[in-house]
Amino acid sequence: MSTIAIAGTPQASEPPANVAGNHPAGAVRKCDTTGLPVCKTAERYVKLNAVMAVVFLLVGGVSALLLGLTRWPSVHLLPVDWFYRILTAHGLNMLIFWIIFMEVAILYFVGTTLLNSRLASKALAFTSFAMMLTGALLVNAMVFTGRADVMMTSYVPLRAHPGFYLGVILFAVGTLIGVINFFATVYIAKRDHTYEGSVPLVAFGAIAAAIIAVVTLLHGAIVMIPAFLWSLDLIGQPDAAWYRLVWWGLGHQSQQINVAAMVSVWYFLAHITTGAKPLNQAVCRGAFVLYILFINIASAHHLLVDPGVGATWKIWNTSYAMYLAVLASMIHGFTVPASVELAMRKKGFDKGLFGWLFAAPWRNPGFSAFFLSLVIFGFLGGITGVTLGTQQINIIAHNTLRIPGHFHTTVVGGTSLAFMGLCYYVVPLVFRREYAWRGLVRVQPYVFAAGITLMALAMSFAGSYGVPRRHWDIEFSGAPFSPGFDAAAHFMMGLVGVGAVVAFIGLLVFILLTVHAVFLGRSNEGRAMTAW
Amino acid sequence: MSEENRPEENHKTPGTLVLTILLLLSFALYYFANWKALADVWHVR
Amino acid sequence: MEERKHPIQRLMDNTWLLLFLGVVLTFISYTAWGVIELMSLPNATLP
C-alpha cells in the first residue's frame with residue numbers, strides 16, 4: 001500500500017487482514033490521503049450526523065453567549081423567563097445534541113474505516129438519524145416556544161409539554177439504534193475477518209463509548225417514558241427522588257460517553273499529527289475496560305446532598321469504585337502525551353526535558369486542539385472533578401458555580417475542543433474539502449481554549465464565594481434581603497462574561513470555517529489532503 | 001501476547017513524567033485547600 | 001497455530017462480555033442499590 005509522507009498527513013499504519021474487506025462492489029472507495037477504505041454508505045451518514053452536530057453546536061453556542069452576557073452583572077442581558085429558557089436550550093443542545101450526533105458520526109467512521117467493514121444496515125442508519133433529528137428539533141421547538149422551561153434536568157414536579165419528553169425519547173431511541181448499528185458492524189467485521197487480531201485501539205475506545213452509551217440510553221428510557229406518560233396525565237407523578245437518581249443515569253453517563261470518545265480522539269489525533277503510537281496497547285485497553293466497568297457510577301456525584309440515599313452508597317459510587325475510573329483517566333493522561341514525547345524524541349527532538357513539546361506541531365490545529373484539550377481536561381477538569389466528587393467536600397460546593405466551572409473544562413475545554421480538532425481532519429478526509437483561511441484555523445483552538453479556560457476558572461472562583469449555579473440574578477433585585485456577595489464575586493462574574501464572549505468568538509470562527517469548508521471549500525478528490 | 005502488544009524498547013519519557021508530577025502536586029494542593037475550606041466552615045467539636 | 005491469549009486480553013477482545021458487564025455493574029452498583037435505598041426510606045411523619 002502506498003502512503004504519502006507529508007508532515008501532518010495521516011497515514012494508515014497497518015494494512016487490514018482481508019484487504020477487500022466485506023464491502024459490496026462499488027460501495028467502497030480508497031481514501032486518497034491515507035489509503036484506508038471508506039464505506040460509502042457510512043460516509044453519507046458520517047456527513048449527515050457531523051453536519052447536524054455543528055448545527056446544534058451553533059444553537060447551543062448562541063445560547064451560551066446570551067447566558068454569559070446575562071450572568072455578567074453589569075450587562076445582565078436576558079429577562080428572567082428567557083434566561084431559564086435559554087439555559088434549558090444550552091444544556092440540551094451542547095451536552096446532548098452536538099456531542100451525541102458527533103459521537104454517532106465517530107462510531108460509523110470507526111466501525112467501517114478502521115475495521116475495514118461495510119456498515120451493517122443502511123436502514124438502521126437512516127432510522128437512527130431521522131429519529132435523532134426529529135427528536136432534537138421537537139425538543140428545541142418545545143423549549144423555544146416556552147413549553148419546556150424545566151432546564152436540562154427536567155426534575156419533577158417541574159412539568160413540560162409532552163412533546164419535550166417525546167423529543168428526548170425519540171433522540172435517545174434513535175441514538176440507541178445507531179449504537180446497535182455500530183455493534184452489528186463490529187459483529188460482521190469480526191465474522192468476515194476484515195481485520196486481524198484485536199480491533200485497533202481507537203476502535204476499542206469507540207466500543208467503550210458505545211457500551212457506556214447503551215447504559216446511558218437505557219436509563220434515559222427508564223426515566224423519560226414515565227415522565228412522558230405523566231405529562232399526558234396517564235399516570236401519577238413519578239417520585240422526585242427516584243427521578244433524580246435515574247435521570248442522572250442519563251445525564252451524567254452521557255458525559256462519560258464523551259470521555260471515552262474524547263480519549264479515542266486523543267489517540268487518533270496524536271497518531272495522525274505526530275505519528276505517536278500507544279506505549280503499551282494492553283495498558284491503554286485496560287484503562288478503557290476500567291471506564292466500561294466503573295465510570296458510569298460517577299452519576300452519584302449529583303446526589304451527594306440528597307437525603308434519600310445513604311453515605312455508603314454515595315461513598316462507594318463516588319469514591320472507592322469510581323477511583324478506578326479516575327485511575328483509567330490518569331493512565332490515558334500519561335500514555336497519550338508520553339506517546340507523543342516518544343514519537344517526537346525518535347524524530348530527533350531530544351533536547352532537554354521539554355524539547356519535544358516545544359518542537360511539537362503547534363501550528364497544526366489538529367494537534368493544538370488535542371493537546372490543549374488534554375491539558376484542560378486533566379489539569380482543570382480532573383483535579384476539580386475528583387475534589388468536588390468527595391462526599392465531604394461536596395457540601396461546600398454543591399449547586400454553586402464551581403460545578404459548571406468543573407464541567408466546562410471537561411466537556412467543553414476537553415471534549416468539544418478535541419472534536420473541533422477532529423473536524424480539521426474529518427472535513428478534508430471525509431467531505432474531501434479543504435479549509436480556507438488556514439491562518440485563522442491555526443489560531444482557532446487557542447482562542448477557544450483561552451476563552452473557555454478563563455470562563456471556567458472565573459466560574460470556579462465565583463462559586464467559591466458561594467455564587468449559585470443556574471441563577472438569573474445574584475443581586476436578588478427586589479427581594480427584602482441582600483445575599484451580600486463579595487465584590488470579588490462580582491468581578492469573577494464579569495470575567496465569566498468576558499471568557500464566554502472570547503470562547504464564543506472561537507466557537508463562531510470554528511463553525512464559519514467548517515461550514516465554509518464543507519459547502520464552498522476547494523475539493524481535494526483524487527489527491528491527498530493538504531497537510532496542516 | 002502478539003508482537004504489536006509487546007512494549008517497545010526505550011520508553012524514556014522524562015518530560016511527561018515531570019508533567020505528571022506537576023499534575024499530582026496541583027491536585028494535592030487543591031484537595032488540601034478544599035479540606036481546609038471545609039474545616040473552616042464546619043467545626044467538629 | 002494460534003497463540004494462547006492472556007485471560008484479560010480475551011476479556012478485552014470480547015465486546016459482548018464487556019457490554020454485559022458494563023450494563024450489569026452500573027445497574028447493580030448505582031441504579032438498583034440506589035432504588036432499594038430510596039424504597040426502604042420510612043415515610044415522614046407529621047410533627
Which answer fits [X], side chain, backbone, both or neither, if we ask what part of it has an atom under 4.5 Å from a heavy atom of chain C?
X	result
A:I207	side chain
A:Y291	neither
A:I222	side chain
A:F288	neither
A:W316	side chain

Check: Can you find a pair of side-chain heavy atoms, one from A:L245 and one from C:Y30, that are under 4.5 Å apart?
Finding: yes
Check: With a 4.5 Å limit on heavy-atom distance, are the side chains of A:S198 and C:M12 in contact?
Finding: no
Item checked: Toward chain A: residues of residues 17-27 of chain C with heavy atoms under 4.5 Å -> C:L18, C:L19, C:L21, C:G22, C:V23, C:L25, C:T26, C:F27
Next item on the list: Test C:W33 against A:N317 for side chain to side chain contact (heavy atoms under 4.5 Å, CB included), laying out the working first.
Entry: CA-CA 10 Å; C:W33 184 5; A:N317 280 300; 4.3 Å; yes
Item checked: Nearest heavy atoms of C:D13 and A:K190, plus distance in Å -> O-NZ, 3.5 Å
Next item on the list: Count the heavy atoms of every other residue, nucleotide or ligand shown that sit under 6.0 Å from CZ of A:F183, and state whether that count exceeds 12.
Entry: yes
Check: Do other residues, nucleotides or ligands put more than 12 heavy atoms under 6.0 Å from the OH atom of A:Y320?
Finding: no
Checklist line | Contacts of residues 303-314 of chain A with chain C (heavy atom under 4.5 Å) | finding: A:L303, A:G308, A:V309, A:G310, A:T312, A:W313
Item checked: Spacing of C:L41 atom CG and A:D239 atom CG [to the nearest 0.5 Å] -> 9.0 Å
